[in-house]
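Report on the following structure.
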There are 4 protein chains.
Amino acid sequence: MPDNPQKEQPRRRQARGERRIAQLLEAAASVFCSTGYTAASTNAIAREAGVSPGTLYQFFPNKEAIAIELGDRLMHEMRETYGEALAPVDPATPLETAVGAAIDRFIAFNCDHPVFFALMHGPDIPGRMAEEHDALHATLLSRIQDLLSSFLPDAPDAELTRTAQMCLGVYKAGLELILGHEGAERDAYVRELKAVLIRYLEPLVGDRLGIAPGATAGNTP
Amino acid sequence: MPDNPQKEQPRRRQARGERRIAQLLEAAASVFCSTGYTAASTNAIAREAGVSPGTLYQFFPNKEAIAIELGDRLMHEMRETYGEALAPVDPATPLETAVGAAIDRFIAFNCDHPVFFALMHGPDIPGRMAEEHDALHATLLSRIQDLLSSFLPDAPDAELTRTAQMCLGVYKAGLELILGHEGAERDAYVRELKAVLIRYLEPLVGDRLGIAPGATAGNTP
Amino acid sequence: MPDNPQKEQPRRRQARGERRIAQLLEAAASVFCSTGYTAASTNAIAREAGVSPGTLYQFFPNKEAIAIELGDRLMHEMRETYGEALAPVDPATPLETAVGAAIDRFIAFNCDHPVFFALMHGPDIPGRMAEEHDALHATLLSRIQDLLSSFLPDAPDAELTRTAQMCLGVYKAGLELILGHEGAERDAYVRELKAVLIRYLEPLVGDRLGIAPGATAGNTP
Amino acid sequence: MPDNPQKEQPRRRQARGERRIAQLLEAAASVFCSTGYTAASTNAIAREAGVSPGTLYQFFPNKEAIAIELGDRLMHEMRETYGEALAPVDPATPLETAVGAAIDRFIAFNCDHPVFFALMHGPDIPGRMAEEHDALHATLLSRIQDLLSSFLPDAPDAELTRTAQMCLGVYKAGLELILGHEGAERDAYVRELKAVLIRYLEPLVGDRLGIAPGATAGNTP
DNA sequence: GATGAATGAGGATTCATTCAT
DNA sequence: TATGAATGAATCCTCATTCAT
């Protein structure tokens, strides 16, 4: 005798439903890719999935929820594909190798799942991240932070976060350029992105080992 | 009824028109800032400007044109404010100084004209830059390229472009973080952005002079 | 697997069906109460009942049918609770007593079954009573008419009907006010409603007995 | 340079706009009458008015606003037609005459403006009056209260309100019956309604003059 | 019986743009 | 020029009802 209609029932789903959800997410991915997240309409997604709008709303309360679920599944798949870490945590690994590998993996993943880029696209107004992007962003951020912390175990948390934010931002920017080009040009941008990140992180890591890699770029005087 | 209607009316009309345009652009800037470019509606802009939608369309054929004109004027003002170059072209200037100054100027300009960020926001779909952003992007790019070329006179054009694209991308990413924070945190992000760019460019410049990179890139003089 | 499937299964099925129906009606009552009949959705009723929409339609062909059945059961329960008559039919009973008792009962019933009000709510368009309300209305009307006829045995049928309609209408109006208030205010409205009806009926009844009306109907003791 | 888009500008309107508004309100009245307020859709109203949905929304932010404006205009017209008072305020006027006249006027007004009934229709859930009906209800209530206070100058305010609420409720109920019938039957219901109200009010007024109209009708023995 | 999936027309509302005055 | 009116397709979302399993 439930009095509270609000309460989320765990909703037993049928196999057909699961298939529909997958189909809808696929359609959403396709639409997000071709029009961008903001311009994508739920009707367009339903149409692309070959179902009626009502069906879409049986599984998702709104566009945001679709994006969130899509992001969740993507992160899940990323984890399954590449394991918990994006790169070897062995601090002995040269930074260049680690970063290079991480970027290669990220890029490969992005090319396999082009919707990733659309979902990663930041807020139109700085500081006002919508929930749909926030979850994805936060997850990515924490993965990057984990990766960094293995190289910078002594860095204070705030700094680590800042560095991770910077890296993610730079990565997104680089990705945009990479995806916007093809062939040799694309490869060149990949190299460029790696260069930016490696050079950014190198001095920080160097500090860690007590190696003065030449001086550089600390935050503190 | 002015003394000399023949001569003055046409002028007046234009003067009034100019005022209208300025008024509309100001309103557009305000609306773009508070809702983002995509979500901004022409009706909202007209309302904000205190004119009717019809009036808006008397001066601009569509929303895109408003953004383009706004971008043009911003670039123009930038040029007027900071001169043709964003930084001293003297190649003797240490890179750190030059980049630091350029970024400081860019950021100052952005804070004075917050709409700049809204207009700079990249394409939702990589490779498909809308015309409204394209013009601004191209202009910025070429200014950066100019700046770079004074440091890297021997670099091939394609490489220069690539580096400029990278710099611009990184700058946008950094700006987003900067604008998304306040106070000390914001300052920290400013330092971080400078670090990323300086470290990225250092080796390129160093190569040029045969100097082993290894100096540079602190925040404090 | 029961011992005697032949005999018990059919029964069981019906028993289960009855339970389902009761469950659905209870849910419907709850939803009708909280949103009103018009705004109530069959999906919401099914959800509230903890069953699927399909199940609901196994027992009721449409929303209307639910309301009708609910109304029927309410009338049935009313009869069971208060007997065939709403008040003693003894014409010797003072009108005041009879009417007061009838109203008290009606109100008590309404408070026990708040959905009653939702179902009683008249037609949005005069003269076009929907079937769902019509049945309930007709039943109530005839009960009131019966009650009246014991006091006005000589009144022509048309007049009796008219008086009954008036009484029912007034009662509904009063009920709305009563339910819309609480505590002492509510009690005051109950007294007011009784006053209206008693004063309305008094002369009619008085006529019957040749008594010059002149007793009764103040608000204050 | 208005910063606040919320602020309601007084909106200079053109003559055409005024005509459209009138046309839309007329259409709304028609639709409210034929389907009831709740079931009426803005699209249907626009269609009835022969304009596009967008046009409707140029003048009204939503359905509620249409109802409110319609109600306002009706009350305005009522005042213009019948003057500030619904009936002579002369306390010497026999109650019967005054009430009879007031009801006749109300009914005449309702017959001229059948939408009045649709707008008067109370809340689906007692106590939760929607804004659109509330305004109309409050206005009517206060007019009735004014009328009553000329007959019951000594009654405390709370009682006056209660009596007015009762009268309004009874009136609505009666109106429903009246509009639901025609010809002689309708007339009979008009008489009946008058009887209810006059008999309800008579003792109250009688008290005022120190005339014991016979005693009572209290709740308690 | 029971379930959840599916429907699709219809709901309110918005918006870039055009038009008559 | 300037205005406010007008458009109509498109937006998101809901709901009574039916269907396959």
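We use all heavy atoms of the structure for the numbers below, so side chains are in, but hydrogens, waters and symmetry mates are not. In what follows, chains are A, B, ... by sequence order, proteins preceding strands, each numbered from 1.
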When we call it a touch if two heavy atoms are under 4.0 Å apart, what does [X] touch: a base, just sugar-phosphate, or nothing?
X: A:N43; result: base
X: A:A15; result: nothing
X: A:G17; result: sugar-phosphate
X: B:A40; result: sugar-phosphate
X: A:F60; result: nothing

Result for 5'-nearest mapping on DNA chain F, choosing between C:K63 and D:T55, is D:T55
Which residue lies toward the 5' end of DNA chain F, C:P61 or A:N62, if each is placed at its nearest nucleotide? A:N62
Considering heavy-atom distances to DNA chain E, does B:S41 or A:P53 have its closest nucleotide positioned more toward the 5' end? A:P53
Between D:G54 and A:V51, just flag the one whose closest nucleotide in DNA chain E comes earlier from the 5' side.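 The residue mapped nearer the 5' terminus is A:V51.
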Which of the following nucleotides, [options], is nearest to the side chain of [X]?
X: C:Y57; options: F:dT17, F:dC12, F:dA6; answer: F:dT17
X: C:R20; options: F:dT11, E:dT3, E:dT14; answer: E:dT3
X: C:S52; options: F:dA16, E:dG8, E:dA2; answer: E:dA2

Establish, with yes or no, whether the OP1 or OP2 oxygen of E:dA12 is under 4.0 angstrom from a side-chain nitrogen or oxygen of D:T42. yes
Expressed as a whole number of angstroms, how long is the span from [X]:[atom1] to [N]:[atom2]?
X: B:Q58; N: E:dC19; atom1: CD; atom2: C1'; value: 11 Å
X: C:I66; N: F:dT17; atom1: CD1; atom2: P; value: 9 Å
X: D:I45; N: E:dA12; atom1: CD1; atom2: P; value: 8 Å
X: D:F59; N: F:dT7; atom1: CZ; atom2: C1'; value: 12 Å
X: A:L24; N: E:dT7; atom1: CG; atom2: C1'; value: 14 Å
X: C:L56; N: F:dT18; atom1: CG; atom2: C1'; value: 13 Å
X: A:R47; N: E:dA6; atom1: CZ; atom2: C1'; value: 18 Å
X: D:E18; N: F:dA5; atom1: CD; atom2: P; value: 9 Å

Verify salt bridge (charged side-chain N to carboxylate O under 4.0 Å, His left out) between C:E69 and C:R73, making sure each step is shown before the conclusion. CA-CA 6 Å; C:E69 179 65 20; C:R73 299 214 172 183; 2.7 Å; yes
Partner lookup for E:dA9, please. Criteria are Watson-Crick or G-U wobble with both distances under 3.5 angstrom; report none if nothing qualifies. F:dT14
Can you tell me the Watson-Crick or wobble partner of E:dT21, both distances under 3.5 angstrom? F:dA2
Given D:Y37, which partner from the list D:F116, D:F32, D:F117 fulfils the ring-ring contact (aromatic ring centres under 6.0 Å, His included) test?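 Answer after filtering D:F116, D:F32, D:F117: D:F32.
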Return the minimal non-hydrogen interatomic distance between C:F59 and C:L24, and the atom names on each side. CD1-CD1, 4.0 Å
Any idea which heavy atoms bring B:A28 and B:I66 closest together, and the distance?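 Reported closest heavy-atom pair: CB-CG2, 3.5 Å.
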Checking side-chain contact (heavy atoms from CB on, under 4.5 Å) against B:M129, which of B:E132, B:H133, B:E131 comes through?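 Only one of B:E132, B:H133, B:E131 forms a side-chain contact (heavy atoms from CB on, under 4.5 Å) with B:M129, namely B:H133.
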Does a sphere of radius 6.0 Å around CD in A:E48 hold more than 12 heavy atoms from other residues, nucleotides or ligands, not counting ones at 6.0 Å or beyond?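 Enclosed: over 12 neighbouring heavy atoms sit under 6.0 Å from CD of A:E48.
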